[in-house]
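The model shown is predicted, which means the values in this text are computed figures rather than measured ones. Chain letters run A, B, ... following the sequence lines, proteins first, then strands; residues in each count from 1.
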2 protein chains.
Amino acid sequence: MKELFDYFGQLIKLSETEIAAIQKTCSIKKGSKQEIIEAIGSTANAIYFLRSGVVRTFYYKDGIEVTEYFALAGDLVARVKSLLTNKPSAKAIQLLEDGELIAINATQFFELFKTYPNIERLYLLLLEASYIAVVERVENIQFHSAKERYAALILKEELMQKVPLKYIASYLGITQVSLSRIRANSTIS
Amino acid sequence: MKELFDYFGQLIKLSETEIAAIQKTCSIKKGSKQEIIEAIGSTANAIYFLRSGVVRTFYYKDGIEVTEYFALAGDLVARVKSLLTNKPSAKAIQLLEDGELIAINATQFFELFKTYPNIERLYLLLLEASYIAVVERVENIQFHSAKERYAALILKEELMQKVPLKYIASYLGITQVSLSRIRANSTIS
DNA sequence: TTAATCCATTAACATATGTTAAGTAATGAG
DNA sequence: CTCATTACTTAACATATGTTAATGGATTAA
């Protein structure tokens, strides 16, 4: 689980004991392309660290599937609202490539806060970073055109190679038809 | 400061000692309509609780002023990214009505975490709630038309009464002209 | 009070994105 | 390999929002 603890180590220094304690809450989950890791309607109880592959989270809005987030190897994924409220999630987590995840059991992880304040601190730092990321996403969505957002996203080459355009379109908040149009125009110039 | 501790008390039970400790980090700030409480370019070091009045946060995007957030009496306001990174903020906090704020000194507040784990826990709960609110804002922006977002916002009567439409428009991510058009259409139907 | 500025609306036209439908290319199941 | 399905593109038209400009009412400063 070296990758996971490298990731955490960038946020806070953890002792061997703390690492061991977290490790006990973890399990490995392998899956194949298209596989639903957590389904809509289930209550979240894991924070995932993606070791390899690509995953997305998605939900349905007026019967249409909407991609909320992509994660590549080295990213965390969770259905945060459901984790925090203990209510069924409207969102699903799906592998878009064969991949391997480290699943941190949230209940067990939160339990560790009582014994290891440092782990609670780690969680706090993760929350802060996520909060800033979402605020920036709001700014991005609200004040850039779909074309500009696409231009920014295209820089993440790995994503573009591995993710079908229909998911990219719904992530950008536009239809696949609009995305095609944008792609057609931007290659000309 | 009763209102503030009522607000916190809904999230976590605080002891008298803890309340007293937080209270020491607080000061009262009064201001008048239009007054800039924190200016663009300054580094944030306070979390505000609005006792009375209305405030907004805003920033400039390509030379155009963008309203990010409105707070009414009983809400918290902060320039979170700047608080957490200790870097100058691109955002400003402004009163839109005469009002009174409780300013929590962030440095002092964060210091309390060492002595009072419960206060760190309070902060964590505030972060969690804010995170969920921003994620919901993303969903709202990305998958509702400006018209729908306006229809939702109009329900907050106090806001509509006290906030000039130009700020509402920029909060909705549209021009004032578009908002006028939406308003004209929605009153007919 | 007057003049200047700001706020909100409206109109006319431009652009971006949605919707529907059709066609082609790529993928997957048997 | 073949067929069926899925992914992507393109076209035509509809709708939403942007841009610019003009106007009148409200607010503010002198």
- Sub-4.0 Å heavy-atom contacts from residues 91-99 of chain A onto DNA chain D, ordered by number: none
- Query: Which residue pairs satisfy the side chain to side chain donor-acceptor pair (under 3.5 Å) criterion with at least one member in residues 20-29 of chain A, sequence neighbours excluded?
  - Reply: none
- Query: What parts of residues 162-169 of chain A reach DNA chain D, counting only heavy atoms under 4.0 Å away?
  - Reply: P164(A), L165(A), K166(A)
Please list each protein N or O that sits under 3.5 Å from an N or O in nucleotides 13-17 of chain C, with the distance.
{"unit_1": "dT17(C)", "atom_1": "OP1", "unit_2": "A146(A)", "atom_2": "N", "d": "3.0"}

- Could you list the residues that satisfy salt bridge (Lys or Arg N to Asp or Glu O under 4.0 Å) with E120(A), not counting sequence neighbours? R121(B)
- salt bridge (charged side-chain N to carboxylate O under 4.0 Å, His left out) partners of residues 144-161 of chain B, not counting sequence neighbours, each pair once: E158(B)-K162(B)
- For the pair made of OH in Y150(B) and C1' in dA8(C), what is the distance, rounded to whole Å? 12 Å
- Query: Any cation-pi pair here, K61(B) with F143(A), using under 6.0 Å and within 45°?
  - Reply: no
- Taking atom OG of S42(A) and atom CD1 of I40(A), what is their separation to the nearest 0.5 Å? 9.0 Å
Identify every side-chain donor-acceptor pair in residues 128-137 of chain B under 3.5 Å, counting partners at least two apart or on other chains, and give the distances.
{"unit_1": "E128(B)", "atom_1": "OE2", "unit_2": "Y123(A)", "atom_2": "OH", "d": "2.5"}
{"unit_1": "S130(B)", "atom_1": "OG", "unit_2": "L126(B)", "atom_2": "O", "d": "2.8"}
{"unit_1": "E136(B)", "atom_1": "OE2", "unit_2": "K81(A)", "atom_2": "NZ", "d": "2.4"}
{"unit_1": "R137(B)", "atom_1": "NH1", "unit_2": "E68(B)", "atom_2": "O", "d": "2.9"}
{"unit_1": "R137(B)", "atom_1": "NH2", "unit_2": "Q142(A)", "atom_2": "OE1", "d": "3.2"}
{"unit_1": "R137(B)", "atom_1": "NH2", "unit_2": "Y171(B)", "atom_2": "O", "d": "3.1"}

When the side chains of residues 163-170 of chain B are checked against the rest of the protein, which donor-acceptor pairs come out under 3.5 Å, sequence neighbours left out?
{"unit_1": "S170(B)", "atom_1": "OG", "unit_2": "T67(B)", "atom_2": "N", "d": "2.8"}
{"unit_1": "S170(B)", "atom_1": "OG", "unit_2": "T67(B)", "atom_2": "OG1", "d": "3.0"}
{"unit_1": "S170(B)", "atom_1": "OG", "unit_2": "Y167(B)", "atom_2": "O", "d": "3.4"}

- Note on the structure: Separation of dG18(C) atom C1' from Q142(B) atom CD, nearest Å, is 15 Å
- Do the ring planes of F113(B) and F110(B) sit parallel (below 30°), tilted (30 to 60°) or perpendicular (above 60°)? tilted
- Over 60° means perpendicular and under 30° means parallel, so classify the ring planes of F49(B) and Y7(B), tilted if in between. perpendicular
Dump every N/O contact between nucleotides 20-27 of chain C and the protein below 3.5 Å, one line per pair.
none

- Message: The criterion is salt bridge (Lys or Arg N to Asp or Glu O under 4.0 Å); which residues satisfy it with K2(A), sequence neighbours excluded?
- Response: D6(A)
- Item | Q34(B) CD to dA29(D) P, straight-line distance once rounded to whole Å | 10 Å
- Message: According to salt bridge (Lys or Arg N to Asp or Glu O under 4.0 Å), who are the partners of R51(B), at least two apart in sequence or on a separate chain?
- Response: E3(B), E100(B)
- Query: Can you list every ring pair (Phe, Tyr, Trp, His ring centres under 6.0 Å) pair that touches residues 12-31 of chain A, not counting sequence neighbours?
  - Reply: none
- I64(B) CD1 to dG18(D) C1': how many Å, rounded? 10 Å
- Item | Between dT10(C) (C1') and R183(B) (CZ): distance, integer Å | 13 Å
- Query: Any donor and acceptor pair, going by atom type alone, linking the side chain of N185(A) with main-chain N or O of I182(A) inside 3.5 Å?
  - Reply: no
- Separation of dT6(D) atom P from E65(A) atom CD, nearest Å, is 13 Å
